[in-house]
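Just so it is clear, the model here is predicted, and its values are computed rather than measured. Naming convention: chains lettered A, B, ... in sequence-line order (proteins, then strands); numbering from 1 in each chain.
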Number of protein chains: 2
Amino acid sequence: MSDVNGAMADDASGLTSTVVFRLGTLGTVVTDRFTREIEGLGLKPKHVGLMAALSLAAVASQQELAARMGVAPSLMVSLADYLEGLGAVQRVRDPRDRRRQVLTLTEEGQGLLDRCTSIARTLDEEVVAGLTEEQRTALDEALRVMANRTGLP
Amino acid sequence: MSDVNGAMADDASGLTSTVVFRLGTLGTVVTDRFTREIEGLGLKPKHVGLMAALSLAAVASQQELAARMGVAPSLMVSLADYLEGLGAVQRVRDPRDRRRQVLTLTEEGQGLLDRCTSIARTLDEEVVAGLTEEQRTALDEALRVMANRTGLP
DNA sequence: AAGAAATCATTCACAATCAGAATGATTCAC
DNA sequence: GTGAATCATTCTGATTGTGAATGATTTCTT
């Protein structure tokens, strides 16, 4: 059983008590679960990440998107290729700067993204079950703060 | 600026507002950061995960450890090989059952793990900066509950 | 206005990371 | 005691991602 003071019996000061370790572990577990769920849609997490980025940014060059997602430009090309093949994304040369390839989310892409969102919401219920309402809002707020804080120098 | 009611301006009900997505994203960012930090020790996250498991379990067979970490037995062999090469881990045939290879953390391994713990603590300070004391304990509690809850069926 | 340097997308080759099948040793069930 | 099961190991292969080389276009410098 866990101690209310925040110390674990076994490992009072070990690695497994750090936020970094626990956040990392939980993140991978949850992501793996999500990965399995979206498999049926023919999507991988990075595809979904790209669509999510597009749904926020409306339009953006591949370079910008690569930087935002923290991946190499060459990978962005593959991701865009694949999503374009699905009809989820549209690639258009920017007339202002014809080097740039501008991506936009299509209707179909938005539909796919919506289904991913729905899957994520269902998973949310599982993950967050066992948390009180206050804990949920606290978690929500904490995630927001930490997300802003990361892009860590 | 973010709304106190918990709704974001852009993406009131989108994927990026789900716990799953944000937890996954934050987890990978933090893990990537940690990965870079332990590079100097010649370690990868899975090596650290294995050592952490050993420090909790004292002794365990490779099969058990593989199951606990959610990796294939063949990968466990590689990880153990590597850590044994560093002198961080000791491999001993279980005399009770000579099929089993029992792993234990050496003094040297404990030393390495301690350095990883110290690195994680330093990162913790960065990650958690900007959270109030109440938010930190709330996060701590939420992570504990969710971690118990995961191993999700 | 011309040439040099930078930027973007793309392709290709390659490294890293895992999982899965095949193999051999040992133990367990009956 | 024999056959099935379990464990560790090796090897092959799929997947995922980076980085270097290339070509097209733009921007900077003079």
Side-chain angles (χ1 to χ4, degrees), chain A residues 24-25 27-29 31-36 38-50 53-54 57 59-85 89-104, chain B residues 24-25 27-29 31-36 38-50 53-54 57 59-85 89-104:
Chain A
T25 304
T28 62
V29 169
T31 298
D32 286 355
R33 191 71 154 64
F34 183 67
T35 304
R36 259 175 273 140
I38 60 177
E39 223 164 41
L41 301 174
L43 296 174
K44 300 281 169 68
K46 303 248 160 169
H47 300 139
V48 179
L50 174 51
L54 281 176
V59 298
S61 78
Q62 297 186 173
Q63 201 84 200
E64 290 161 1
L65 290 164
R68 201 169 307 173
M69 291 183 58
V71 302
S74 55
L75 179 57
M76 180 54 61
V77 173
S78 313
L79 297 174
D81 278 350
Y82 183 77
L83 289 179
E84 192 181 30
V89 150
Q90 214 174 5
R91 239 203 203 108
V92 179
R93 288 254 163 232
D94 183 350
R96 299 293 213 172
D97 179 346
R98 305 220 316 287
R99 290 171 304 181
R100 303 182 41 164
Q101 200 78 281
V102 163
L103 297 186
T104 58
Chain B
T25 304
T28 60
V29 169
T31 298
D32 285 356
R33 192 70 154 66
F34 183 67
T35 303
R36 261 176 271 141
I38 61 177
E39 222 166 42
L41 301 174
L43 296 173
K44 300 281 170 67
K46 302 248 161 167
H47 300 138
V48 179
L50 174 50
L54 281 176
V59 299
S61 78
Q62 296 185 172
Q63 201 84 199
E64 291 161 1
L65 289 163
R68 201 168 307 173
M69 290 183 58
V71 301
S74 57
L75 179 57
M76 181 54 62
V77 172
S78 313
L79 297 175
D81 277 352
Y82 183 77
L83 289 179
E84 193 182 30
V89 151
Q90 213 174 6
R91 240 205 203 105
V92 179
R93 286 254 163 232
D94 183 349
R96 300 292 214 174
D97 181 344
R98 305 219 317 285
R99 288 172 303 181
R100 303 180 38 156
Q101 200 80 281
V102 163
L103 297 186
T104 57

Donor-acceptor contacts, no H, no angles, side chain residues 64-73 of chain A, under 3.5 Å, sequence neighbours left out:
unit_1	atom_1	unit_2	atom_2	d
A/E64	OE1	A/S61	N	3.2
A/E64	OE2	A/R100	NH2	3.3

Worksheet item: Is there side-chain contact between A/L79 and A/H47, with heavy atoms separated by less than 4.5 Å?
Response: yes
Discussion item. Rounded to whole Å, please give me the gap between OH in B/Y82 and C1' in C/dA16.
Written reply: 13 Å
Fill in: Atom-pair distance (CZ on B/R96; P on C/dA25), nearest Å
25 Å
Worksheet item: Over how many whole Å does the gap from A/R98 atom CZ to C/dT7 atom P extend?
Response: 19 Å
Worksheet, complete the sentence: Residues passing the side chain to side chain donor-acceptor pair (under 3.5 Å) test with B/D94, sequence neighbours excluded, are none
Worksheet, complete the sentence: When every non-hydrogen atom of A/A80 is compared with those of A/L103, the smallest separation belongs to CB-CD1, 3.9 Å
Worksheet item: Which comes earlier along DNA chain D counting from the 5' end, the contact point of B/Q62 or that of A/S74, where each point is its nearest nucleotide?
Response: B/Q62
Worksheet item: Between the two end axes of the helix from C/dA1-D/dT30 to C/dC30-D/dG1, each built from 5 base pairs, what angle do you get to the nearest 10°?
Response: 30°
Worksheet item: C/dC18 P sits how many Å from B/D81 CG, rounded?
Response: 15 Å
Worksheet item: Does B/D81 have any side chain to side chain donor-acceptor pair (under 3.5 Å) partners at least two apart in sequence or in another chain, and if so, which?
Response: B/R91
Worksheet entry | Interface limits on DNA chain D, where chain B has a heavy atom under 4.0 Å of a nucleotide atom | D/dA5 to D/dT10
Item to complete: Tell me which of A/L79 and A/R99 sits closer to the 5' end of DNA chain D, going by the nucleotide each one is nearest to.
Response: A/L79
Fill in: Whether over 12 other heavy atoms sit under 6.0 Å from A/Q90 CD
no
Worksheet item: Which atoms form the tightest heavy-atom contact between A/P45 and A/T35, and what is the distance?
Response: CG-OG1, 3.4 Å
Item to complete: Return the value, rounded to whole Å, for the distance between atom CG of B/D94 and atom P of C/dT27.
Response: 9 Å
Worksheet entry | Atom-pair distance (CD on A/Q101; C1' on C/dT10), nearest Å | 10 Å
Worksheet item: Touch check for B/S61, heavy atoms < 4.0 angstrom, all strands: base, sugar-phosphate only, or nothing?
Response: sugar-phosphate
Worksheet item: A/L75 has an atom CG; how far is it from atom P of C/dC12, in whole Å?
Response: 16 Å
Practice prompt. List for me each residue that meets side-chain contact (heavy atoms from CB on, under 4.5 Å) alongside B/R99, sequence neighbours excluded, and say none if there are none.
Written response: B/D97
Discussion item. Is any side-chain heavy atom of A/V92 closer than 4.5 Å to one of A/T104?
Written reply: no
